[in-house]
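Note that the coordinates shown come from a computational prediction; the quantities given were computed from them, not determined experimentally. All heavy atoms count here, side chains included; hydrogens, waters and symmetry mates do not.
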Amino acid sequence: MSQEPPALPIEGAPPTIDRANAQALFAKLLQQQNFPLAIVAGLIAAIAGGFAWAAITVATGFQIGWLAVGIGFLVGVAVRSAGKGLTKKFGIAGGLLALFGCALGNLLAMCAILAEQMGAPFVSTSLTILSDPVAAVELMKAGFSPIDVLFYGIAVYEGYKFSFREVSDADLQQMIQ
């Protein structure tokens, strides 16, 4: 003979969402979005993350792919905090900027390694390569590994996922009748 779990007491009826309040809240939140600021913040985070990736790669002598997760997270949070976005374009921007940050980190790390091998200063080597798109692409190809696709993909996912505004409980309470 099986015993059923005790029924949980129900305190009143479940809350009802007021459609007009929900639409007003959504309209208010949409007005708070700031896509240009989200792009600027995400770009700054991507560049900072790229420099950090390169510095860690040069300091350790290893390319640590999991840094891509950090860059994706960093960019996504920057886009979310600055942009307060609800729409898909914020996620797409976060994903693309995270990808840019990872690629920049790899490229700068390759520039540092090349500068060290040539006995040349990092800044002049980097500026020379960055000013020549063909040289930059060739250097990226030379340092590319198939596992990079996995880590870049994770960074894009993280950048996308963390780029959206979180709606607070206080905001949600405004929708209940």
Taking [Y] as the starting point, is it possible to reach [X] by hopping between hydrophobic residues whose side chains are less than 4.5 Å apart?
| X | Y | value |
| --- | --- | --- |
| Ile64 | Val156 | yes |
| Phe151 | Phe73 | no |
| Ile56 | Trp53 | yes |
| Leu74 | Phe164 | no |
| Leu37 | Leu96 | no |

One should read off an interatomic distance between Asp132 CG and Glu138 CD, to the nearest 0.5 angstrom, of 9.5 Å
Counting the benzene-type ring for Trp, do Phe90 and Phe35 have ring centres under 6.0 Å apart? yes
Between Leu108 and Val58, does the side chain to side chain contact (heavy atoms under 4.5 Å, CB included) criterion hold? Intermediate values first, please. CA-CA 9 Å; Leu108 291 173; Val58 170; over 6 Å; no
Atom [atom1] of [X] with >12 non-hydrogen neighbours under 6.0 angstrom:
| X | atom1 | result |
| --- | --- | --- |
| Gln32 | CD | yes |
| Tyr157 | OH | no |
| Phe26 | CZ | no |

Closest non-hydrogen atoms of Leu104 and Ile47, given as atom of the first, atom of the second and distance, are CD2-CA, 3.9 Å
For Ala98 and Gly72, the nearest pair of non-hydrogen atoms, with its separation, is CB-CA, 3.8 Å
Under the criterion side chain to side chain contact (heavy atoms under 4.5 Å, CB included), I'd like the reasoning laid out for Met118 against Leu114: C-alpha separation, chi angles, the key distance, then a yes or no. CA-CA 6 Å; Met118 294 172 33; Leu114 183 62; 3.7 Å; yes
